[in-house]
Amino acid sequence: MRESKILYPSPILSQCIKYYWVLKTDEVEPVMVQTIPSGCVHLVFHRGENLNIQSKGLQPKNFIRGQFSTYGSLISQGNIDMIAVIFHPLRLNPFVRCSMSELYNHYIDVEDLEDIELNHLKRNISAEPAVATCIRLIERFFIQRLVDANCNYQRTHHAIRQIIN
């Protein structure tokens, strides 16, 4: 069985998230996945086996993949069960505090970001078998981050107005 599908985000998130990509296989033989530079940042949750980056070792279990400048090959080493959040270019910032230059041509393990809520989301996705429920968890997480970012913007804007006046 090999399943690859694209799911689209809710309208409120569609300005930041391009789509969700779900990939599942239960094949014994290795599967090769070609990657191409797209200008998009990915947040990936491996619920099955990690993919092997050709000649570089295993991807982290859960990671942010920055913008890449070259194509690549990924090879499975067992069952694949992956959910990837594909962001529009430069639209990761409201959700994760990490500079784009740190991400360029890199995979950053979610653990290394020291983001308590993101690690909690990672654990919930790993434990949840239903893809639809995982997507709802991801959307709830990102909508809350948008609300928090807007709140901080409004607070900062108000403080600056107070200083100016």
Side-chain angles (χ1 to χ4, degrees), residues 1-27 31 33 35 38-54 56-68 72 74-152:
M1 181 246 346
R2 191 183 292 187
E3 177 185 353
S4 175
K5 54 183 170 177
I6 297 210
L7 305 169
Y8 292 97
S10 62
I12 194 169
L13 293 172
S14 65
Q15 295 298 312
C16 297
I17 297 173
K18 194 170 187 176
Y19 58 86
Y20 304 104
W21 178 38
V22 178
L23 178 63
K24 289 184 176 195
T25 70
D26 61 359
E27 300 184 19
V31 174
V33 177
T35 63
S38 66
C40 298
V41 174
H42 303 180
L43 172 59
V44 177
F45 301 97
H46 282 297
R47 295 149 27 102
E49 299 301 319
N50 300 24
L51 293 174
N52 195 356
I53 307 164
Q54 196 166 33
K56 294 182 183 173
L58 287 177
Q59 287 180 329
K61 193 75 168 167
N62 304 280
F63 62 90
I64 294 177
R65 178 192 152 206
Q67 294 174 320
F68 270 60
L74 302 173
I75 302 169
S76 70
Q77 297 190 335
N79 294 344
I80 300 172
D81 187 355
M82 178 184 83
I83 298 173
V85 182
I86 313 303
F87 293 91
H88 287 289
L90 304 175
R91 296 302 296 177
L92 177 71
N93 283 357
F95 308 114
V96 178
R97 284 94 177 115
C98 192
S99 76
M100 294 306 288
S101 61
E102 287 180 68
L103 293 173
Y104 186 68
N105 283 328
H106 285 94
Y107 294 88
I108 307 292
D109 194 316
V110 166
E111 291 282 332
D112 295 340
L113 295 173
E114 298 180 352
D115 183 324
I116 293 168
E117 290 92 10
L118 185 56
N119 279 300
H120 183 69
L121 174 66
K122 170 194 78 167
R123 284 189 296 278
N124 286 342
I125 288 173
S126 293
E128 176 56 53
V131 170
T133 303
C134 290
I135 298 298
R136 281 194 298 276
L137 291 169
I138 291 167
E139 292 226 326
R140 188 178 315 138
F141 172 82
F142 287 133
I143 289 169
Q144 185 59 50
R145 286 283 166 107
L146 274 180
V147 168
D148 292 346
N150 188 44
C151 249
N152 287 335

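- Annotation: ring pair (Phe, Tyr, Trp, His ring centres under 6.0 Å) contacts of Tyr20 (sequence neighbours excluded): none.
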Q.
Walk me through whether Val85 and Phe141 qualify under side-chain contact (heavy atoms from CB on, under 4.5 Å).
A. CA-CA 12 Å; Val85 182; Phe141 172 82; over 6 Å; no
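- With sequence neighbours excluded, no residue forms a side chain to side chain donor-acceptor pair (under 3.5 Å) with His88.
- Evaluation of the salt bridge (charged side-chain N to carboxylate O under 4.0 Å, His left out) rule for Lys61 yields no partner, not counting sequence neighbours.
- Atom-to-atom distance recorded for Phe45:CZ and Ile83:CD1 is 8.0 Å, nearest 0.5 angstrom.
- A pairwise comparison of heavy atoms in Cys134 and Ile125 identifies SG-O, 3.9 Å as the closest pair.
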Side-chain donor/acceptor pairs under 3.5 Å, residues 109-117, sequence neighbours excluded:
residue : atom : partner : partner atom : Å
Asp109  : OD1  : Glu111  : N            : 2.9
Glu111  : OE2  : Lys122  : NZ           : 2.2
Asp115  : OD1  : Glu117  : N            : 3.2
Asp115  : OD1  : Leu118  : N            : 3.0
Asp115  : OD1  : Arg145  : NH2          : 2.7
Asp115  : OD2  : Arg145  : NH1          : 2.9
Asp115  : OD2  : Arg145  : NH2          : 3.0
Glu117  : OE1  : Arg145  : NH2          : 3.2

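- Applying the side chain to side chain donor-acceptor pair (under 3.5 Å) test to Ser126 and every residue at least two apart in sequence or in another chain returns nothing.
- Within the structure, no pair that satisfies the salt bridge (Lys or Arg N to Asp or Glu O under 4.0 Å) test touches residues 124-133, not counting sequence neighbours.
- For His42, the ring pair (Phe, Tyr, Trp, His ring centres under 6.0 Å) test picks out no residue, with sequence neighbours left out.
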Which atom pairs, donor and acceptor, lie under 3.5 Å between side-chain atoms of residues 6-18 and protein residues at least two apart or in another chain?
residue : atom : partner : partner atom : Å
Ser10   : OG   : Glu139  : OE1          : 3.0
Ser14   : OG   : Pro11   : O            : 2.9

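- One distance of note links NZ of Lys24 with CD1 of Ile80; it measures 12.0 Å at 0.5 Å rounding.
- Annotation: the span from Asn119 atom CG to Asn124 atom CG amounts to 11.0 Å, rounded to 0.5 Å.
- Residues satisfying the side chain to side chain donor-acceptor pair (under 3.5 Å) criterion with Ser4, sequence neighbours excluded, are Trp21.
- Each salt bridge (Lys or Arg N to Asp or Glu O under 4.0 Å) pair with one or both residues in residues 75-92, not counting sequence neighbours, appears once here: Arg47-Asp81.
- To the nearest 0.5 Å, atom CD1 of residue Ile108 and atom CD1 of residue Ile64 are 8.0 Å apart.
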